[in-house]
Enquirer: 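The structure under discussion is supplied below as structure tokens; questions concerning it will follow.
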Amino acid sequence: MNDFSLLIDGQLVAGDHTIPVLNPATGKVAASAPAASVQQLERAITAANRAFAGWRDTPFAERRAIVLKIIDIIAANQGELSRLLTLEQGKPLAAAAGEVSATIDYFRYFTTLSLAPEVRQDNETRYVEVRRDPLGVVAAIIPWNFPLLLAAFKLPAALLAGNTVVLKPAPTTPLATLHLGRLIAGAVPAGVVNIVSGGDELGPVLTSHPGIRKVSFTGSTETGKKVMASAATHLARVTLELGGNDPAILLDKVDLEHTATAIFASAFGNSGQVCRAIKRVYVPRPIYEPFCAALAERARAAVVGDGLTDGVQFGPVQNAAQFERLKELHADAQQRGTVMPGGGPVKGPGYFFRPTIVKDIASDSRLVVEEQFGPILPVIAYDELEEAVEMANNSQYGLAASVWSTDSQAAFAVADRIVAGTVWINKHTDRMPDLPIAGARQSGMGVELGEEGLHEFTQIKIVNLSKAA
Ligand code: NAD
């Protein structure tokens, strides 16, 4: 599959120019993707506005039938979509297939919800309904770590609620999304779903456009702030799912081997490029050395390579800029901590970085304070639990966190004191479509997933009837 097009107003169209999409496992061009001009993006916004009137008035059951059709199309093309995800994103093929399966599950979840009006009062004086109207055109902006799954957090909910969509994939991972656009072009009314790829510069055009009524954005905190400022010019609604620096706190009673395996998996899955990955670990001093050793042993055993090769557990880092940033954090960690043997960047081709454990690292070092978003993990010793909770909370972020202990009461007590949108106990990164996610502090604004996530794509309208004589 080498033919990628924009989807604008139901038509598959070439971009203004093309941009090369690199395979991060080889550093070579995997395919050329269309890059839209500003005029093409504006055409997509106009088409989505035109399509809105018809889509808003389409009965919910019919909208649901079209979303179910999209699900069937994804399921029938799982192999090709998975291969494209591996080629552009780098994740192992099995993980890519897992992402496509999860995409289907998330789409399907939203089809089980309803938006029927809720009767809030029905008495002698009044009858009051709470209705949920669509907003208009939604801009869905996606990062490069889970191109299809993160679109599934937005697209089905926006469509079921009666909105039309302009979806923008990340510049380095547009292929699977564009292929999906090609597959669904004939199944969705013209203009209801538009897919427009290109450079970062399309983002501000989209978010500042008065034809956009809501921006549903997933990406970095830095960009999220720009999105919010830009949407403020016309008060478009925003949902922001942003960066994180999730802490994991081990309490003194843990099953060390089991916990090391689980924490390793939650820190290094998708090569650490997960918003809710474990990004810092706090460990009681008496078990600190054996725990670091157990993590380092797992890091040394990790099979890193091209995601298309059988048996590979961890693919490359997705892009050159992120690879360079990780190398910087690694160099800094070598100065400010002890990098355990076996980790670090691998000489090219490709952006390979072996899972890396860093111990005895200063708590104000870059690797601890910043979001690494890659396979390098700081592990920090603590003496008093109070100190661990304080260090865990000492962050601009508040996406998620986890507490690990065989004493669940003690773990709940710590969970109470963590500032985060999700706190897991004895696990991390356990997500399900019916559980709302909402970043605390600078990790986000608003909610995705769950009924709450569906409601974010709606405008409350109260219809209030007088029953007085
Ligand atoms: P990014 O913020 O650089 O880019 C995200 C998207 O925004 C891309 O499509 C990009 O083209 C677009 N964009 C860039 N500049 C823009 C602008 N000024 N206005 C509008 N859009 C613009 O993020 P990234 O590097 O692609 O992704 C990594 C980040 O995403 C990490 O911080 C990660 O934690 C975060 N993330 C968060 C979640 C979550 O649910 N909280 C999920 C996945 C990733």
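Start at 1 and go down the list; that is how both ligands and their atoms are numbered. Positions are given from 1, in the same order as the sequence printed here.
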Enquirer: More than 12 heavy atoms of other residues, nucleotides or ligands under 6.0 Å from CD of E390: yes or no?
Expert: no
Enquirer: How many angstroms lie between atom CD1 of I141 and atom CD of E241, to the nearest 0.5 angstrom?
Expert: 13.5 Å
Enquirer: When you measure from atom 21 (N) of ligand 1 to every protein heavy atom, which one gives the shortest distance, and what is it?
Expert: G203 CA, 3.4 Å
Enquirer: Does F217 come within less than 4.0 Å of ligand 1, judged by its heavy atoms?
Expert: yes
Enquirer: I'd like to check whether K168 has a polar contact with ligand 1, where a contact means an N/O of the residue lying under 3.5 Å from an N/O of the ligand.
Expert: yes
Enquirer: Which option, L242, T221, V274, L240, owns the non-hydrogen atom nearest atom 41 (N) of ligand 1?
Expert: L242
Enquirer: With K214 as the cation and F457 as the aromatic partner, state whether NZ or CZ is under 6.0 Å from the six-membered ring centre and within 45° of the axis.
Expert: yes
Enquirer: Please check if atom CD in E387 has more than 12 non-hydrogen atoms from other residues, nucleotides or ligands closer than 6.0 Å.
Expert: yes
Enquirer: Among all protein heavy atoms, pick out the one at the shortest distance from atom 38 (C) of ligand 1; state its residue, atom name and that distance to 0.1 Å.
Expert: C275 CB, 3.0 Å
Enquirer: Which residue holds the protein heavy atom closest to atom 8 (C) of ligand 1, what is that atom called, and what is the gap in Å?
Expert: I142 O, 3.4 Å
Enquirer: Need the ligand 1 atom indices (1-based, order shown) with element for anything under 4.0 Å from a heavy-atom of P171.
Expert: 11 (O)
Enquirer: Do T207 and ligand 1 have an N or O pair less than 3.5 Å apart?
Expert: no
Enquirer: Identify which of D200, N245, T172 has a heavy atom lying nearest to atom 10 (C) of ligand 1.
Expert: D200
Enquirer: Short list, please: which atoms of ligand 1 are under 4.0 Å from a heavy atom of G243?
Expert: 32 (O), 34 (O)
Enquirer: Test of understanding: given a 4.0 Å heavy-atom threshold, classify the contact between V227 and ligand 1 as side chain, backbone, both, or neither.
Expert: side chain
Enquirer: Apply the test ring-ring contact (aromatic ring centres under 6.0 Å, His included) to residues F373 and W144: give CA-CA distance (whole Å), side-chain angles for both, the deciding distance (0.1 Å), then the verdict.
Expert: CA-CA 11 Å; F373 213 63; W144 45 255; 5.2 Å; yes
Enquirer: Just need the protein heavy atom nearest to atom 13 (N) of ligand 1, so name the residue and atom and give the distance.
Expert: T223 CG2, 3.8 Å
Enquirer: Would you give me the side-chain donor-acceptor pairs under 3.5 Å for residues 150-157, sequence neighbours excluded?
Expert:
residue : atom : partner : partner atom : Å
K154    : NZ   : S216    : OG           : 3.2
K154    : NZ   : T218    : OG1          : 2.7
K154    : NZ   : E448    : OE2          : 2.7

Enquirer: Quick check on side chain to side chain contact (heavy atoms under 4.5 Å, CB included): which of L160, L159, V67 does F110 satisfy it with?
Expert: L160
Enquirer: For atom 34 (O) of ligand 1, which protein heavy atom lies nearest, and how many Å away is it?
Expert: E371 OE2, 2.6 Å
Enquirer: Does M391, at its CE atom, have more than 12 non-hydrogen atoms belonging to other residues, nucleotides or ligands within less than 6.0 Å?
Expert: yes
Enquirer: Are side-chain N/O atoms of Q372 and R366 paired as donor and acceptor at under 3.5 Å?
Expert: no
Enquirer: Between atom CD of E456 and atom CG of L449, what is the distance when rounded to the nearest 0.5 Å?
Expert: 10.5 Å
Enquirer: Do H428 and S266 have side-chain atoms, one donor and one acceptor, less than 3.5 Å apart?
Expert: no
Enquirer: Can you confirm whether something in the protein, heavy atoms only, sits under 4.0 Å from atom 4 (O) of ligand 1?
Expert: no
Enquirer: Okay, side chain of S271, backbone of G374: is any donor-acceptor separation there less than 3.5 Å?
Expert: no
Enquirer: Is there a nitrogen or oxygen of N145 sitting under 3.5 Å from a nitrogen or oxygen of ligand 1?
Expert: no
Enquirer: At a 4.0 Å cut-off, with the gap strictly under it, does some heavy atom of R276 reach an atom of ligand 1?
Expert: yes
Enquirer: For ligand 1, is there an atom lying under 4.0 Å from some heavy atom of A170?
Expert: yes
Enquirer: What residue and atom, counting heavy atoms only, is the protein's closest point to atom 35 (C) of ligand 1, and at what distance?
Expert: G219 O, 3.1 Å
Enquirer: Among all protein heavy atoms in this structure, tell me which lies nearest to atom 18 (N) of ligand 1, with the distance rounded to 0.1 Å.
Expert: P204 CG, 3.6 Å
Enquirer: Check F373 against ligand 1 and report side chain, backbone, both or neither, counting heavy atoms closer than 4.0 Å.
Expert: side chain
Enquirer: Please classify the L399 to ligand 1 contact at 4.0 Å (heavy-atom distances, strictly less than): side chain, backbone, both or neither.
Expert: side chain
Enquirer: Please list the nearest protein heavy atom to atom 24 (P) of ligand 1 with its residue and the distance rounded to 0.1 Å.
Expert: W144 NE1, 3.4 Å
Enquirer: Compute whether any side-chain donor of one residue and acceptor of the other, for R276 and T422, lie under 3.5 angstrom apart.
Expert: no
